[in-house]
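Numbers here are sequence positions counted from 1.
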Amino acid sequence: MAKQTVAEQFVDILVRAGVQRLYGVVGDSLNPVVDAVRRTAGIDWVHVRHEEAAAFAAGAEAQITGRLAACAGSCGPGNLHLINGLYDAHRSMAPVLALASHIPSSEIGTGFFQETHPDRLFTECSHYCELISSPQQMPRVLQTAVQNAVGRSGVSVVSLPGDIAAEPAPERAIEHALVTTRPSVRPGDAEIDELARMIDAADKVTLFCGSGTAGAHAEVMAFAERLKAPVGHALRGKEWIQYDNPYDVGMSGLLGYGAAYEATHECDLLILLGTDFPYNAFLPDDVKIAQVDVRPEHLGRRSKLDLAVWGDVRETLRCLTPRVRAKSSRKFLDRMLKKHADALEGVVSAYTRKVEKHTPIHPEYVASVLDEEAADDAVFTVDTGMCNVWAARYLTPNGRRRVIGSFTHGSMANALPQAIGAQLTDRRRQVVSMSGDGGFAMLMGDFLTLAQYDLPVKVVLFNNSSLAMVELEMLVAGLPSHGTGNRNPDFAAIATAAGAYGVRVEKPKQVRGALRDAFRHKGPALVDIVTDPNALSIPPKISRDMVTGFALSAGKIVLEGGVGRMLQMARSNLRNIPRI
């Protein structure tokens with residue numbers, strides 16, 4: 001029997017760790033591993049058109065399944081392309097193993113063709129990053145990488161020279177049982193008792209939830225009922241906490257809506273549950289704050305805490321809820337719920353009524369119709385930028401839907417490649433990529449991956465011919481927009497040329513029918529919807545500085561002859577602007 005190579009041992013360990021796919025682009029230093037995948041049952045090679053897409057796809061698969069996923073890039077430029085998607089996976093706490101193959105081991109350090117140093121390059125976007133310079137390091141290095149990725153919820157990177165991969169694996173190598181799941185973490189009784197005392201002493205308590213509440217919906221609802229507490233959420237907490245939630249007061253932050261901002265600022269005690277919400281400008285500085293998080297490095301890095309509790313949200317609440325006194329007054333909760341309802345009426349519904357004749361099409365209307373037509377268990381992947389806004393405000397979570405995006409790293413072009421990873425986990429499940437024209441164009445080559453594998457991903461393209469979020473940032477900063485316009489082709493025609501289904505929509509009355517036709521289509525489809533470039537995201541709380549900046553931008557545009565554009569913008573957003 002032929003002796004196993006390092007590459008074959010590497011692939012076998014991935015299979016034992018539960019990896020079912022290896023996303024990447026083939027290349028010389030990677031060839032021994034790709035060939036080992038070809039000959040190994042239980043794992044497939046997924047050929048994407050850009051390694052960045054490979055990393056995004058692996059990160060999405062890991063977020064959907066909760067299992068380890070993997071990607072690979074060949075030496076030098078090949079694995080360098082992985083880095084953006086790996087940053088996103090790492091910051092999303094998705095367990096991903098990345099193989100960065102390397103130049104011949106004897107040439108490392110000589111400035112050889114395509115030489116880089118992956119063991120240095122990927123350290124900031126990984127928990128573990130090591131070079132295998134000898135077969136004797138296997139399988140220990142790879143096993144350690146797997147356990148870091150799974151146990152610490154993030155990225156591990158292994159750099160493997162192609163010549164080492166082709167060598168025989170060491171004899172009598174020790175392969176131990178692999179860690180493939182994470183345990184729950186329970187806080188100590190002292191911390192739980194102290195938090196209970198803080199809660200009992202407060203008249204008005206607000207809960208603000210993030211992605212750390214995944215799997216804890218019932219516990220959060222029971223806790224909120226006991227405290228009569230409004231429940232707000234960050235964007236990554238939306239899919240886990242907003243559905244079946246009678247205490248919901250919406251979302252805070254730049255993309256937010258509703259009364260979450262008021263609820264977090266008008267309470268006596270704010271409890272942050274499983275959130276690393278990055279925008280401390282939207283958090284209060286004059287109320288008591290307690291934070292519960294399974295990642296101790298998250299505790300207190302966004303706001304000054306009165307109490308830090310290291311623990312899993314579900315286990316913490318299971319211990320905490322019976323220890324706090326039930327509150328009887330709903331006065332604060334009901335006031336926040338009324339504010340939330342009023343805000344939704346004025347903000348979220350502003351563009352979904354009487355829009356049948358408005359062209360270009362309001363993107364809010366598209367998102368609203370998409371929410372109605374999509375499957376109850378659909379997976380939405382969402383591009384960074386304005387698509388984040390429409391997803392945050394118009395997609396309705398129900399406990400079965402998933403919403404994946406670059407919500408922490410904030411990369412462009414994430415939605416399409418993430419849809420590839422999501423769809424490969426289950427070809428029967430509906431996967432919808434909410435893409436902006438800027439993001440879609442950036443990694444448009446991987447639309448060919450959908451066609452090559454006949455993946456039934458539905459790309460809903462919000463085509464406003466601009467980088468609209470960047471334009472808004474410029475306006476708020478007092479700058480006229482510049483360099484934000486896109487001269488776009490007919491994307492539907494491109495989809496058709498690629499062998500997929502494509503349709504272009506320019507009138508509101510066509511939106512629903514076009515989406516239904518695309519969803520009925522068996523293979524990949526793209527719906528290119530021409531949307532209003534003047535539709536802007538308005539934050540739930542507008543500062544005077546923001547208004548001053550926006551007015552200054554408006555003045556500059558008017559002076560340069562852009563009166564018509566400013567009038568259109570005013571008409572598009574008049575109903576959407578909250579009072580200062």
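- Between I494 and P489, the closest side-chain pair of non-hydrogen atoms falls below 4.5 Å.
- At distances below 3.5 Å, not a single donor-acceptor pair connects side-chain atoms of K238 with backbone N or O atoms of P397.
- Here the side chain of D312 pairs no donor or acceptor atom with the backbone of V294 at under 3.5 angstrom.
- The aromatic rings of H81 and H50 are tilted relative to each other, their planes meeting at an angle between 30° and 60°.
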side-chain contact (heavy atoms from CB on, under 4.5 Å) between V26 and W45, intermediate numbers included: CA-CA 9 Å; V26 297; W45 177 261; 3.7 Å; yes
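- Judged purely by atom type and a 3.5 angstrom limit, N463 has no side-chain atom pairing as donor or acceptor with the backbone of D437.
- In summary, R512 and E373 engage in a salt bridge, as defined by a charged side-chain N under 4.0 Å from a carboxylate O.
- Within 6.0 Å of CZ on R120 lie no more than 12 heavy atoms contributed by other residues, nucleotides or ligands.
- D446 places no side-chain N or O within donor-acceptor distance of the main-chain N or O of V48, the cut-off being under 3.5 Å.
- The main-chain N or O of A145 is found under 3.5 Å from a side-chain atom of S156 such that the two form a donor-acceptor pair.
- Heavy atoms from other residues, nucleotides or ligands lying under 6.0 Å from CD of E372 number more than 12.
- Under the 4.5 Å side-chain criterion, counting only non-hydrogen atoms from C-beta, Q510 is not in contact with I361.
- Here CG of L370 is found 13.0 Å from NZ of K458. Values are rounded to the nearest 0.5 Å.
- Heavy atoms only, all atoms of each residue included: A492 and D528 are closest at N-OD2, 3.8 Å.
- Here the side chains of W240 and H217 are not in contact, with every heavy-atom distance at 4.5 Å or above.
- The side-chain heavy atoms of L160 and V6, taken from C-beta on, include a pair separated by under 4.5 Å.
- Note on ring orientation: taking the six-membered ring where Trp is involved, the planes of F208 and F277 are perpendicular (angle over 60°, cut-offs 30° and 60°).
- A salt bridge is absent between D12 and R16: the closest approach of a Lys/Arg side-chain nitrogen to an acidic carboxylate oxygen does not fall below 4.0 angstrom.
- The minimum heavy-atom distance between A495 and G502, with the atom names listed, is CB-CA, 4.2 Å.
- How far CD of Q20 is from CG of L68: 11.0 Å, rounded to the nearest 0.5 Å.
- No donor-acceptor pair closer than 3.5 Å links the side chain of S466 to the backbone N or O of P533.
- Not a single donor-acceptor pair under 3.5 Å links the side chain of H298 to the backbone N or O of D293.
- The shortest side-chain heavy-atom distance between L273 and I241 does not fall under the 4.5 Å cut-off.
- The structure places OG of S74 at 6.5 Å from CG of D28, a figure rounded to the nearest 0.5 Å.
- Panel note: side chain N388, backbone D383; a donor-acceptor pair is recorded below 3.5 Å.
- G215 approaches R314 most closely through the heavy-atom pair O-CD, 3.3 Å.
- Donor-acceptor pairing under 3.5 Å is lacking for the side chains of D119 and S159.
- Distance check, rounded to the nearest 0.5 Å: OG of S92 to CZ of F56 gives 9.0 Å.
- Panel note: side chain D371, backbone A367; no donor-acceptor pair is recorded below 3.5 Å.
- The distance from the OG atom of S433 to the CD atom of Q423 is 11.0 Å, given to the nearest 0.5 Å.
- With contacts defined as side-chain heavy-atom distances shorter than 4.5 Å, the pair V431/P456 does not qualify.
- Within 6.0 Å of CZ on R39 lie more than 12 heavy atoms contributed by other residues, nucleotides or ligands.
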Please lay out, stage by stage, how E219 and T213 fare under the test side-chain contact (heavy atoms from CB on, under 4.5 Å). CA-CA 9 Å; E219 286 77 9; T213 57; over 6 Å; no
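- Partner Y23 forms a side chain to side chain donor-acceptor pair (under 3.5 Å) with one of E51, H47, E61 and no other, that one being E61.
- Between F462 and M386, the closest side-chain pair of non-hydrogen atoms is not below 4.5 Å.
- Taking OH of Y501 as the start and NZ of K522 as the end, the distance is 14.0 Å to the nearest 0.5 Å.
- Counting only heavy atoms from C-beta outward, the side chains of R295 and D276 never approach each other to under 4.5 Å.
- N79 places a side-chain N or O within 3.5 Å of a backbone atom of S101 that can act as its donor or acceptor partner.
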Applying ring-ring contact (aromatic ring centres under 6.0 Å, His included) to H90 and H409, what does each step give before you reach the verdict? CA-CA 9 Å; H90 192 57; H409 186 49; over 10 Å; no
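- The two residues N84 and S411 make their nearest non-hydrogen contact at ND2-OG, 2.7 Å.
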Let me see the working for Q147 and Y128 under side-chain contact (heavy atoms from CB on, under 4.5 Å), right down to the final yes or no. CA-CA 10 Å; Q147 292 178 175; Y128 183 84; over 6 Å; no
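- Shown here for L443 and L416, the closest heavy-atom pair between the two residues is O-CD2, 3.5 Å.
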side-chain contact (heavy atoms from CB on, under 4.5 Å) between R402 and R429, intermediate numbers included: CA-CA 11 Å; R402 294 298 311 274; R429 190 174 186 181; 3.7 Å; yes
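- Listed here is the closest heavy atom pair of T384 and N414: N-OD1, 3.2 Å.
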